[in-house]
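Note that the structure is predicted; figures quoted are calculated from it, not measured. So that the names make sense, note that chain A is the first sequence line, chain B the second, and so on, each numbered from 1.
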Amino acid sequence: MSGPPDADPAWVLHVDLDQFLAAVEVLRHPELAGRPVVVGGRGDPTQRGVVAAASYPAREHGVRAGTPLRTAAKRCPDAVFLPADNPHYEEVSERVMAILRDTPGAVVEVMGWDEAFVGVRTADPEATARAIQAAVLDGTGLHCTVGIGDNLLRAKIATGFGKPAGVHRLTADTWDEVMGDRPTRALWGIGAKTAAALAERGLTTVRELGAADPEALAAELGPMLGPWYVQLGRGIGRREVSATPWVRRSRSRETTFQTDLDDWDRIRTETAALARRVADDITADGRPALRVAVKVRFVPFTTRSRSKTLPTPTTDATAFEAAALEVLDRFRRGRAVRLLGVRAEYEKP
DNA sequence: TCTGGGGTCCTAGGACCC
DNA sequence: TCTGGGGTCCTAGGACCC
């Protein structure tokens with residue numbers, strides 16, 4: 001499917017909305033502009049919960065996604081705390097994605113509420129990036145950053161250099177110069193645990209990882225993961241943006257309780273309620289569940305899961321609930337519980 | 001720092017079958 | 001009788017991402 005010889009080159013643009021949830025809240029509460037805004041949980045910093053998004057003024061106080069709300073309130077007492085309003089964010093996100101799809105010649109692959117890859121053929125990707133920024137701002141009032149790359153990995157990483165509201169390009173030509181000396185943690189797909197595991201093997205920088213032996217890492221870190229990490233170190237990744245609609249593999253609901261649960265009857269009741277919510281979701285999806293899983297987080301924070309393949313795939317709420325309770329009863333009782341979760345798994349697409 | 005909620009994919013061991 | 005090898009499914013856990 002290569003184009004004519006003089007066709008414009010293919011580029012991957014990674015479009016990422018800046019401080020998305022906080023920006024959306026400021027849009028509908030204009031008096032909050034310029035103030036530290038923290039979105040997360042029920043919007044009550046005395047309750048259990050973490051920050052889903054913080055505005056830049058809040059980030060200056062060390063508040064970021066994942067910070068416990070209580071901690072955020074200590075670090076930034078002047079912050080405005082708001083509950084997460086997911087349905088609204090979904091709606092705004094849809095409008096943004098529609099704007100991206102209106103980009104001439106664009107293939108759009110949505111990655112989440114606030115980001116998407118856009119594949120385009122052009123001689124001037126920066127111009128396309130600026131046009132997208134202008135269209136998104138004009139259509140929604142939101143700012144975004146655009147990373148430009150010769151594959152998805154590099155475009156995604158480029159975005160980090162363009163924040164906020166900028167455009168940045170990262171390609172094979174500049175990879176080593178820009179990324180070579182950085183820690184492996186800077187790569188998309190390498191988290192704290194993997195970075196530590198790599199460091200134990202003497203691989204601390206992106207350059208070192210890229211020069212590592214894939215076979216050796218396969219033996220130590222997994223047959224697929226090991227070689228993939230080396231590819232990451234080299235900046236190699238998928239080049240084609242896919243517009244194929246995403247097909248979900250599972251549905252889940254979970255709750256952290258404000259006070260720990262001791263009573264097993266109550267734990268069963270709560271599990272049954274979660275199972276019914278999941279059953280509603282799978283009914284809405286119109287796909288039978290093949291498997292049910294129950295997750296229990298015990299005090300202080302030990303998390304365990306149990307699951308079973310259903311004798312018959314089902315969308316029936318009563319059967320699903322009964323199966324969830326059956327799985328729950330396989331846990332050891334007697335320890336206090338802070339979180340319960342129920343998940344349904346679908347057939348592989 | 002006292003740690004949400006919703007997802008995806010990979011790994012490894014055991015069961016089971018031929 | 002004491003011993004193969006491959007394939008697939010099931011299950012639990014880990015790691016990562018938004």
Side-chain angles (χ1 to χ4, degrees), chain A residues 14 16-17 19-21 38-53 61-76 83-86 89-90 93 110-117 152-153 156-157 159 184-185 187-198 218-229 232 246-258 260 274 277-278 281 290-311 327 330-331 338-349:
Chain A
H14 178 252
D16 194 302
L17 293 154
Q19 43 171 10
F20 179 55
L21 272 51
V38 175
V39 182
R42 297 170 197 186
D44 179 352
T46 67
Q47 292 202 348
R48 283 178 174 171
V50 299
V51 175
H61 292 79
V63 176
R64 41 191 47 88
T67 307
L69 291 179
R70 277 181 232 272
T71 309
K74 277 180 211 151
R75 290 187 188 161
C76 191
D85 180 358
N86 295 1
Y89 309 141
E90 244 161 78
S93 174
V110 177
M111 295 301 287
W113 283 349
D114 63 343
E115 61 178 295
F117 288 103
L152 277 70
L153 173 66
K156 166 82 182 175
I157 293 173
T159 299
T184 57
R185 184 74 178 84
L187 295 166
W188 183 39
I190 294 191
K193 296 289 172 82
T194 303
L198 292 170
E220 300 198 58
L221 299 177
M224 305 277 287
L225 291 175
W228 178 60
Y229 294 144
L232 288 181
W246 171 70
V247 182
R248 76 164 56 247
R249 310 291 288 271
S250 65
R251 269 286 182 189
S252 69
R253 295 283 179 176
E254 63 181 59
T255 312
T256 294
F257 300 98
Q258 288 304 317
D260 306 325
L274 286 165
R277 289 180 64 198
V278 174
D281 293 336
L290 292 186
R291 222 179 142 64
V292 56
V294 175
K295 172 161 132 183
V296 181
R297 177 120 73 210
F298 297 100
V299 176
F301 208 70
T302 315
T303 309
R304 292 283 177 268
S305 66
R306 295 281 179 275
S307 63
K308 83 171 226 171
T309 301
L310 297 168
V327 172
R330 304 218 305 253
F331 284 94
R338 64 172 283 148
L339 170 148
L340 287 171
V342 174
R343 187 177 77 247
E345 289 176 20
Y346 292 132
E347 191 179 4
K348 285 174 190 156

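Listed candidates were dG4(B), dG13(C), dC2(B). Nearest to the side chain of Arg297(A) is dG4(B). Taking every side-chain heavy atom of Trp188(A) into account, dC17(C) is the closest of dC17(C), dG6(B), dT11(B). The Lys193(A) side chain lies nearest to dA15(C) when the options are dG4(B), dA15(C), dA12(C). Side-chain proximity of Met224(A) to dT11(B), dT8(B), dT3(B): nearest is dT11(B). Across dG5(B), dT3(B), dA12(C), the shortest atom-to-atom separation from the side chain of Arg48(A) is found for dT3(B). Taking the side chain of Arg251(A) as heavy atoms from C-beta on, and the options dA12(B), dG7(B), dT11(C), the nearest nucleotide is dG7(B).
With hydrogens and angles disregarded, a donor-acceptor distance shorter than 3.5 Å links the side chain of Arg330(A) to the backbone of Ser307(A).
Under 4.0 angstrom from either OP1 or OP2 of dG7(B) there lies at least one side-chain N or O belonging to Ser252(A). Taking side-chain N and O atoms only, Arg253(A) has a distance below 4.0 Å to OP1 or OP2 of dG6(B). Under 4.0 angstrom from either OP1 or OP2 of dG4(B) there lies at least one side-chain N or O belonging to Arg338(A). Taking 4.0 angstrom as the limit, Thr255(A) places none of its side-chain polar atoms (N or O) nearer than this to OP1 or OP2 of dG4(B).
Under a cut-off of 6.0 angstrom, the local environment of CD in Glu347(A) is sparse, with at most 12 non-hydrogen atoms contributed by other residues, nucleotides or ligands.
Rounded to whole Å, the C1' atom of dC16(B) lies 15 Å from the corresponding atom of dG4(C).
Within the 4.0 angstrom heavy-atom criterion, only backbone atoms of the sugar-phosphate kind lie near Ala192(A); the bases stay farther away.
Judged by Watson-Crick or G-U wobble contacts below 3.5 Å, the nucleotide dC10(B) has dG13(C) as its partner. The partner of dC18(C), taking Watson-Crick or G-U wobble pairs whose two distances both stay under 3.5 Å, is dG5(B).
Straight-line distance from the CZ atom of Arg343(A) to the P atom of dG7(B): 10 Å, rounded to whole Å.
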request  = Check step by step if side-chain contact (heavy atoms from CB on, under 4.5 Å) holds for Asp260(A) and Arg338(A).
outcome  = CA-CA 5 Å; Asp260(A) 306 325; Arg338(A) 64 172 283 148; 3.4 Å; yes
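Here Phe301(A) lies parallel enough and close enough to stack on the base of dT3(B), with planes under 30° and ring centres under 5.5 Å apart.
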